[in-house]
Amino acid sequence: MRAWWIDEPGPAAGGPMRFGQCPDPVPGAGELLVRVRACGVCRTDLHLVEGDLPLHRAGVIPGHEVVGEVVRAGPGCGRFRKGERVGVAWLRHTCGRCRFCRRGRENLCTAPRFTGWDQDGGYAELTLAPEAFAYRLPEEFDDEHAAPLLCAGIIGYRALRRAQLPPGGRLGIYGFGASAHLTAQVALHQGAEVHVMTRSAEARALARELGAAFVGEADEPPPVPLDAAILFAPWARWCPRRCAPWTGAAPSPSPGSTSATSRSSTTPRSSSRSGSCAA
């Protein structure tokens with residue numbers, strides 16, 4: 001198969017990725033062999049390529065927003081048929097034994113493995129996916145539009161749920177990148193009043209186009225009290241000051257994480273542990 005892999009991390013302009021032929025992967029027990037039809041580009045992929053995240057395996061094939069079709073199933077598989085369309089996301093394995101897995105919070109697993117970091121991802125013609133971590137995709141989405149939902153969409157939707165926004169409530173969104181702009185559309189569809197604060201003029205224009213009630217600069221306070229807020233912005237030094245007056249607490253998000261908080265709670269809830277994948 002043809003594939004792109006990381007030879008030696010370095011600045012993207014220097015071409016640290018290599019293109020060539022690799023042996024076709026063979027599915028083991030519980031694995032699907034997937035023919036890739038589309039794969040998105042996440043900021044985490046760029047962090048791996050440029051060395052901001054250390055490689056877990058030399059020559060790894062990045063890409064974790066994968067849409068493809070099942071070519072073959074390994075022993076023990078039974079959820080998907082040959083030719084069925086599936087999605088493959090960032091999280092590909094959890095231990096099932098740690099305190100987080102036992103509580104149903106496997107995204108915080110202490111011994112996870114990730115697509116395109118620990119195992120080869122979707123920048124190839126074929127990839128392997130554990131059947132337990134493969135997703136059925138609604139036919140309403142074509143391949144190109146379904147791919148980003150497997151990372152940016154998952155993160156944003158989980159953050160929105162964790163925010164505990166009341167029906168028709170006011171949601172603040174700090175930062176307006178790939179995940180945030182998808183989250184805003186879901187919140188608006190659910191009847192929320194969305195307020196967006198972000199540095200980028202282009203992102204502010206998109207927020208207005210999507211129907212945000214208020215759009216401001218990153219350090220500009222919203223005109224009304226918020227019921228909940230989601231902090232997508234990696235530049236979060238100003239977030240605690242903005243959130244404290246209405247939450248009673250000042251969340252301290254880690255760089256590259258996504259946090260959700262609401263008026264009903266004084267404890268910020270992190271929606272992801274997967275580093276810059278949540279940015």
Side-chain angles (χ1 to χ4, degrees), residues 1-7 9 12 15-50 53 55-94 112-157 178-179 182 274-278:
M1 69 176 183
R2 294 176 297 175
W4 287 92
W5 64 88
I6 303 174
D7 188 12
M17 295 188 68
R18 296 291 179 263
F19 178 75
Q21 297 285 335
C22 295
D24 290 356
V26 177
E31 291 185 323
L32 302 173
L33 178 62
V34 177
R35 186 175 305 281
V36 178
R37 295 176 10 180
C39 186
V41 178
C42 177
R43 182 66 195 177
T44 301
D45 297 315
L46 300 181
H47 284 316
L48 285 169
V49 168
E50 296 193 319
L53 289 175
L55 291 183
H56 285 182
R57 180 168 62 81
V60 71
I61 298 171
H64 58 268
E65 298 177 353
V66 185
V67 177
E69 60 184 66
V70 176
V71 175
R72 193 169 68 215
C77 293
R79 292 179 56 215
F80 298 98
R81 305 181 309 274
K82 181 179 179 179
E84 192 168 356
R85 190 171 75 143
V86 295
V88 183
W90 173 242
L91 187 63
R92 69 181 291 117
H93 170 83
T94 55
R113 290 202 293 269
F114 300 106
T115 305
W117 194 8
D118 297 293
Q119 300 294 328
D120 289 334
Y123 294 170
E125 293 179 303
L126 296 167
T127 192
L128 295 176
E131 186 186 48
F133 286 83
Y135 297 83
R136 281 193 171 85
L137 301 176
E139 292 302 324
E140 289 83 355
F141 299 106
D142 61 25
D143 297 344
E144 183 179 347
H145 289 87
L149 301 180
L150 292 161
C151 184
I154 289 173
I155 291 166
Y157 182 67
S179 188
L182 293 173
S274 54
S276 57
C277 192

Looking at every non-hydrogen atom in both residues, tell me the closest pair between [X] and [Y] and how far apart they are.
| X | Y | value |
| --- | --- | --- |
| Gly83 | Glu69 | O-CB, 3.9 Å |
| Pro148 | Glu144 | CD-O, 3.2 Å |
| Glu50 | Ala12 | OE2-N, 2.9 Å |
| Gly116 | Leu48 | O-CD1, 3.4 Å |
| Gly122 | Cys39 | O-CB, 3.6 Å |

Test item: [X] and [Y] side chains (from C-beta on) under 4.5 Å apart, heavy atoms:
| X | Y | answer |
| --- | --- | --- |
| Asp120 | Trp5 | no |
| Leu33 | Leu128 | yes |
| Pro130 | His93 | no |
| Leu91 | Phe133 | yes |
| Leu150 | Val67 | yes |

_CA sep, side-chain torsions, deciding dist, call: Asp45, Tyr123, side-chain contact (heavy atoms from CB on, under 4.5 Å)_ = CA-CA 10 Å; Asp45 297 315; Tyr123 294 170; 3.0 Å; yes
_salt_bridge(Glu125, Arg2) N-O dist < 4.0 Å_ =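 Salt bridge present between Glu125 and Arg2.
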_Short N-O contact, Glu84 and Arg79, less than 4.0 angstrom_ = no
*asked:* Ring-plane angle category for Trp4 and Phe19, please: parallel below 30°, perpendicular beyond 60°, tilted otherwise.
replied: tilted
*Sub-3.5 Å donor-acceptor pair from the side chain of Thr115 to the main-chain atoms of Ala89, do we have one?*
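Flag set: sc Thr115 to bb Ala89 pair under 3.5 Å.
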*Could you tell me whether a side-chain N or O of Arg18 sits under 3.5 Å from a main-chain N or O of Gly15, the two making a donor and an acceptor?*
yes
*Taking it one step at a time, do Ile61 and Thr127 satisfy side-chain contact (heavy atoms from CB on, under 4.5 Å)?*
CA-CA 9 Å; Ile61 298 171; Thr127 192; over 6 Å; no
Within a radius of less than 6.0 Å around [atom1] of [X], do more than 12 heavy atoms belonging to other residues, nucleotides or ligands occur?
| X | atom1 | value |
| --- | --- | --- |
| Phe80 | CZ | yes |
| Arg57 | CZ | yes |
| Arg113 | CZ | no |

*asked:* Working to the nearest 0.5 angstrom, can you tell me the gap between Cys42 SG and His64 NE2?
replied: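 Between Cys42 SG and His64 NE2, I get 3.5 Å after rounding to 0.5 Å.
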*Would you check, one step at a time, whether the test side-chain contact (heavy atoms from CB on, under 4.5 Å) holds for Arg85 with Arg37?*
CA-CA 9 Å; Arg85 190 171 75 143; Arg37 295 176 10 180; 3.3 Å; yes
Got a list of side-chain donor-acceptor pairs under 3.5 Å for residues 24-31, not counting sequence neighbours?
unit_1: Asp24; atom_1: OD1; unit_2: Met1; atom_2: N; d: 2.9
unit_1: Glu31; atom_1: OE1; unit_2: Gly28; atom_2: N; d: 2.8

